[in-house]
Amino acid sequence: MNQSIKNRLNNLYHWMMDQYGPQGWWPLLDINKCDQHGTNPTFTGVLTGYHIKNYTYPKTENQRFEICTGAILTQNTAWTNVEHALLNLYNADILSPEKILTASENKLKKLIQPAGYFNRKTIYLKNMAHFFITLNGKTPSREDILTCKGVGNETADSILLYAYREPEFIIDTYTKRILTHLKLCSANADYLTLKEMFQNSFKPDIVLYQEYHALLVELAKRHFSKKPYTFKIDAIN
DNA sequence: AACCAGGACGTGA
DNA sequence: TCACGTCATGGT
């Protein structure tokens, strides 16, 4: 591994942390902030920031499943849309693997409709629910999760890093876009190559991996959303 | 009014 | 292996 790549990735992390601070991912429903009817909880983060500097989540199996659900729902979809779908599931009281599994497909489709791709994601969610139940609390291997139809590289790593707190670095389109722009990789670099680039540059570190990915998303949303990408980061070059 | 959003899968070459 | 079409809603 090229030492300069390692240095630049490290500089990028600290630059983003300086600019944006800890992100406190993964966003979770805050059921302590429901309305007077006990429904419509807010997300940890909509107003007050996510669970910043608290790296003990998920605290329950339901929160763990909520992360798995969100990881599928957010595929190629804006998170705000996913929030609506998750709220629908929560308010319908079926945001658990057992209830997702037994719910009718039509009911599920209607509830997750705002997240888009609802025909596919309904199937994916039921697959995930079944898989989750068979795990019986155990941490799945990356290989095992990938056998789940609807779970590709990024979703698998998101679930492992944020739901199971395993040190698996996530590569998403933002990450690849930023690395390409910084000339740290070619435009056709594949997922595992980029994942290894990060994991060869940093020791396994859940906090670092979680924050790094969240910070890349924040950076991309601010400066790598609309073409042409002209944003320059002096500290990196 | 196009374009994009925290992708994955099936197909054909 | 790999490029390409498909899936769907909501915000800018």
Side-chain angles (χ1 to χ4, degrees), chain A residues 12-13 16 20 22-29 43-46 49-51 57-58 66-89 105-106 108-128 131 142-164 168-181 186-195 198 209-231:
Chain A
L12 174 58
Y13 177 72
M16 292 190 297
Y20 310 131
Q23 299 298 298
W25 273 35
W26 186 277
L28 284 160
L29 287 167
F43 274 81
T44 61
V46 171
Y50 301 125
H51 44 89
Y57 290 94
E66 180 188 327
I67 295 172
C68 298
T69 303
I72 287 173
L73 291 179
T74 199
Q75 289 170 0
N76 201 36
T77 301
W79 179 252
T80 49
N81 292 4
V82 178
E83 287 185 340
H84 293 151
L86 284 173
L87 279 173
N88 287 345
L89 292 173
E105 287 194 10
N106 279 338
L108 217 45
K109 285 180 185 177
K110 285 176 186 166
L111 293 171
I112 70 170
Q113 186 264 354
Y117 306 112
F118 48 82
N119 289 307
R120 296 184 173 199
K121 286 176 177 174
T122 291
I123 307 299
Y124 295 168
L125 280 188
K126 281 182 168 288
N127 289 347
M128 166 60 59
F131 179 76
R142 191 172 192 279
E143 189 181 7
D144 277 350
I145 300 191
L146 284 172
T147 65
C148 218
K149 191 166 295 185
V151 177
N153 277 312
E154 188 192 334
T155 306
D157 287 331
S158 295
I159 289 171
L160 285 169
L161 179 59
Y162 290 109
Y164 288 94
E168 300 284 349
F169 204 95
I170 301 168
I171 306 297
D172 65 343
T173 53
Y174 286 150
T175 305
K176 184 172 180 179
R177 184 181 300 170
I178 292 170
L179 291 189
T180 303
H181 183 259
S186 58
N188 61 350
D190 62 89
Y191 187 96
L192 293 180
T193 299
L194 297 184
K195 178 180 170 69
F198 277 97
Y209 286 16
Q210 289 187 346
E211 291 288 4
Y212 205 139
H213 173 66
L215 285 165
L216 284 170
V217 172
E218 182 63 23
L219 170 63
K221 282 179 173 173
R222 291 174 185 247
H223 300 292
F224 294 89
S225 182
K226 51 183 183 295
K227 297 178 184 177
Y229 311 129
T230 58
F231 191 70

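Reminder, nothing fancy here: chain letters follow the sequence lines and each chain counts from 1. Keep in mind that the numbers below use all heavy atoms, side chains included, and drop hydrogens, waters and symmetry copies.
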Practice problem: Measure the distance from CD on A/Q75 to P on B/dC4 and round it to the nearest whole Å. | Solution: 20 Å
Practice problem: Give one of base, sugar-phosphate or nothing for A/S158, where a contact means two heavy atoms less than 4.0 Å apart. | Solution: nothing
Self-check item: Nearest-angstrom distance from the residue atom CG of A/N81 to P of C/dA8
Solution: 14 Å
Quiz item: Quick one: is B/dG7 close enough that its OP1 or OP2 comes under 4.0 Å of any side-chain N or O from A/N153?
Solution: no
Practice problem: Please work out whether the ring planes of A/F231 and A/F224 are parallel, tilted or perpendicular, with thresholds of 30° and 60°. | Solution: perpendicular
Quiz item: If you measure from the C1' atom in B/dA5 to the same atom in C/dA3, how many Å do you get, rounded?
Solution: 22 Å
Quiz item: In terms of ring plane angle, is the pair A/W25 and A/Y50 parallel, tilted or perpendicular, where the classes change at 30° and 60°?
Solution: perpendicular
Quiz item: Start at the 5' end of DNA chain B and walk down; is the nucleotide closest to A/Y174 or to A/Y124 reached first?
Solution: A/Y174
Quiz item: What is the distance from CG of A/D172 to P of B/dG7, rounded to the nearest Å?
Solution: 6 Å
Self-check item: Short side-chain N/O contact from A/K121 to OP1 or OP2 of B/dA8, under 4.0 Å
Solution: no
Quiz item: Do the side chain of A/H51 and the main chain of A/Y57 share a donor and acceptor less than 3.5 angstrom apart?
Solution: no
Self-check item: Separation of atom NZ in A/K110 from atom C1' in C/dT9, rounded to whole Å
Solution: 17 Å
Exercise. Could you measure between the two P atoms, the one in B/dG10 and the one in C/dA8, and give it in whole Å?
Key: 14 Å
Practice problem: Rounded off to whole Å, could you give me the CD1-to-P distance for the A/I72 and B/dC9 pair? | Solution: 10 Å
Quiz prompt | A/Y212 ring center near A/F169 ring center (under 6.0 Å) | solution = yes
Quiz item: Rounding to a whole Å, what distance do you find between A/E83:CD and C/dT9:C1'?
Solution: 15 Å
Self-check item: Length of the CD-P vector between A/E154 and B/dC9, whole Å
Solution: 12 Å
Quiz prompt | pair A/L179-A/F198: side-chain heavy atoms closer than 4.5 Å | solution = yes
Practice problem: Find which nucleotide of DNA chain C each of A/T77 and A/T80 is nearest to by heavy atoms, and output the residue with the more 5' nucleotide. | Solution: A/T77
Exercise. Round to a whole Å and report the spacing from CZ of A/F118 to C1' of C/dG10.
Key: 13 Å
Exercise. Ignoring backbone atoms, test whether A/R120 places a side-chain nitrogen or oxygen under 4.0 Å from the OP1 or OP2 oxygen of B/dG10.
Key: no
Self-check item: First encountered from the 5' end of DNA chain B, between A/K227 and A/N76
Solution: A/K227
